[in-house]
Amino acid sequence: MLRKEDFEHIGTLGRAHGTQGEVSAKLYVDLSGLWEGADTSPFLMLEEQGLLIPYRVLKRRTKGEDIDLITFSGITTKDEADALTGRPVWLDRDYLSGEEDVEDFFDLQHFVGFDLYDASTQSCVGRAVEIDESTINTLLRVETTAGEELILPISEELIERLDLQGHRLYLHIPAGLLEL
């Protein structure tokens with residue numbers, strides 16, 4: 001049986017692309033090198049009513065900087081592709097364990113939904129609800145444990161550690177920002 005804790009949520013499927021069953025996807029990981037040299041086609045897991053269902057990837061290509069176009073085995077029409085719209089995409093954690101630095105593997109958008117902890121006090125600040133990369137400094141919008149909104153800077157230098165399994169992000173928060 002497939003257990004969700006053995007997989008990592010890596011993105012969401014978008015709409016059909018074209019008429020041949022290709023699906024757009026917003027993924028938080030770069031899949032380009034994951035299956036190089038593999039003898040068989042890879043699988044991605046799609047969530048369906050809380051269960052993970054394996055779908056074999058026949059083809060993957062990029063469209064622009066942040067969209068992947070994926071062709072799954074058995075999905076050959078626009079209607080079949082449209083039926084997958086909005087499905088969460090999961091990847092077996094075994095693919096991630098071979099990475100030298102897992103933090104570099106993920107886009108900052110991956111941390112939306114993670115619990116945010118202050119690295120200096122180890123206390124929970126709240127939950128990350130949005131990453132804003134539209135400005136020079138990337139900002140993290142957090143819903144605090146008190147139900148308030150907090151905006152914090154986020155960068156790789158400020159991340160102390162990650163707990164991918166527990167969905168926890170430990171961040172060095174600049175002095176004074178928690179008191180605002």
Side-chain angles (χ1 to χ4, degrees), residues 1-115 127-136 138-141 154-156 159 162-167 169:
M1 183 171 122
L2 298 175
R3 300 175 331 155
K4 251 188 188 176
E5 51 269 8
D6 294 332
F7 296 85
E8 186 66 36
H9 178 253
I10 63 164
T12 306
L13 292 182
R15 299 184 337 200
H17 181 79
T19 60
Q20 304 299 312
E22 194 171 42
V23 182
S24 65
K26 173 67 175 159
L27 303 178
Y28 309 128
V29 298
D30 177 9
L31 297 179
S32 60
L34 281 182
W35 297 290
E36 285 179 9
D39 295 333
T40 60
S41 297
F43 283 91
L44 289 177
M45 309 308 264
L46 302 185
E47 189 171 339
E48 197 171 307
Q49 298 177 1
L51 300 174
L52 297 183
I53 310 296
Y55 280 78
R56 184 177 300 278
V57 176
L58 296 179
K59 255 185 356 185
R60 187 203 63 84
R61 62 189 178 104
T62 58
K63 178 183 180 190
E65 238 177 77
D66 58 349
I67 300 293
D68 285 283
L69 299 176
I70 302 172
T71 303
F72 292 107
S73 177
I75 307 297
T76 59
T77 68
K78 181 182 184 326
D79 290 340
E80 291 170 334
D82 275 335
L84 301 176
T85 299
R87 296 261 177 95
V89 180
W90 296 73
L91 179 66
D92 190 318
R93 282 207 167 107
D94 288 343
Y95 286 112
L96 303 177
S97 64
E99 289 297 311
E100 297 264 68
D101 189 356
V102 172
E103 290 90 347
D104 291 341
F105 189 64
F106 289 104
D107 181 307
L108 288 175
Q109 292 291 337
H110 177 77
F111 303 121
V112 170
F114 274 51
D115 290 326
R127 180 161 297 211
V129 293
E130 181 182 14
I131 301 286
D132 180 1
E133 298 177 278
S134 66
T135 63
I136 273 185
T138 302
L139 301 173
L140 172 65
R141 190 166 61 87
I154 185 169
S155 67
E156 288 183 36
I159 297 172
L162 297 171
D163 174 0
L164 292 175
Q165 211 156 5
H167 286 92
L169 170 63

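Given the structure is predicted, the values throughout are model-derived calculations rather than measurements. Throughout, numbering of the chain's residues begins at 1 and tracks the sequence.
Atom CG of Leu44 is separated from atom CZ of Arg56 by 11.5 Å, given to the nearest 0.5 angstrom. With rounding to the nearest 0.5 angstrom, the OG1 atom of Thr138 is 8.0 Å from the CG atom of Asp132. Here the straight-line distance linking atom CD1 of Ile154 with atom CG of Leu139 works out to 10.0 Å at 0.5 Å rounding. One finds the OG1 atom of Thr12 at 10.0 Å from the NZ atom of Lys26 (value rounded to the nearest 0.5 Å). Atom CZ in Phe43 sits 13.5 Å away from atom CG in Leu52 (nearest 0.5 Å). Going from atom OG1 of Thr76 over to atom CG of Leu58 covers 10.5 Å, rounded to the nearest 0.5 Å.
Between Tyr55 and Ile70, the closest side-chain pair of non-hydrogen atoms is not below 4.5 Å. Here the side chains of Glu48 and Leu46 are not in contact, with every heavy-atom distance at 4.5 Å or above. Arg87 has its side chain out of reach of Met45: every pair of non-hydrogen atoms, C-beta onward, lies at least 4.5 Å apart. Side-chain contact between Leu91 and Leu27 is absent, with no heavy-atom pair separated by less than 4.5 Å. Residues Leu13 and Phe72 have side chains in contact (heavy-atom distance under 4.5 Å, counting atoms from C-beta outward).
Although no hydrogens or angles enter the test, the distance criterion places a donor-acceptor pair under 3.5 Å between the side chain of Ser24 and the main chain of Arg15. Here the side chain of Thr85 pairs a donor or acceptor atom with the backbone of Gly14 at under 3.5 angstrom.
In terms of heavy-atom proximity, Trp90 sits nearest to His9 at CE3-N, 3.3 Å. Nearest approach of Val129 to Val112, heavy atoms of both residues: O-CG1, 3.6 Å. Shortest non-hydrogen contact noted between Val23 and Ala81 is CG2-CB, 3.7 Å. Contact detail for Ala128 and Leu140: the closest heavy-atom pair is CB-CD1, 3.5 Å.
Between Glu22 and the options Arg61, Arg60, Lys59, a salt bridge (Lys or Arg N to Asp or Glu O under 4.0 Å) holds for only Arg61.
Heavy-atom contacts from other residues, nucleotides or ligands closer than 6.0 Å to CD of Gln20 number 12 or fewer.
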Exercise. Given the rule in the side-chain hydrogen bond (donor to acceptor under 3.5 Å, both in side chains) test, do Asp79 and Thr77 qualify, once you have shown the distances and angles that lead to the verdict?
Worked result: CA-CA 5 Å; Asp79 290 340; Thr77 68; 5.4 Å; no
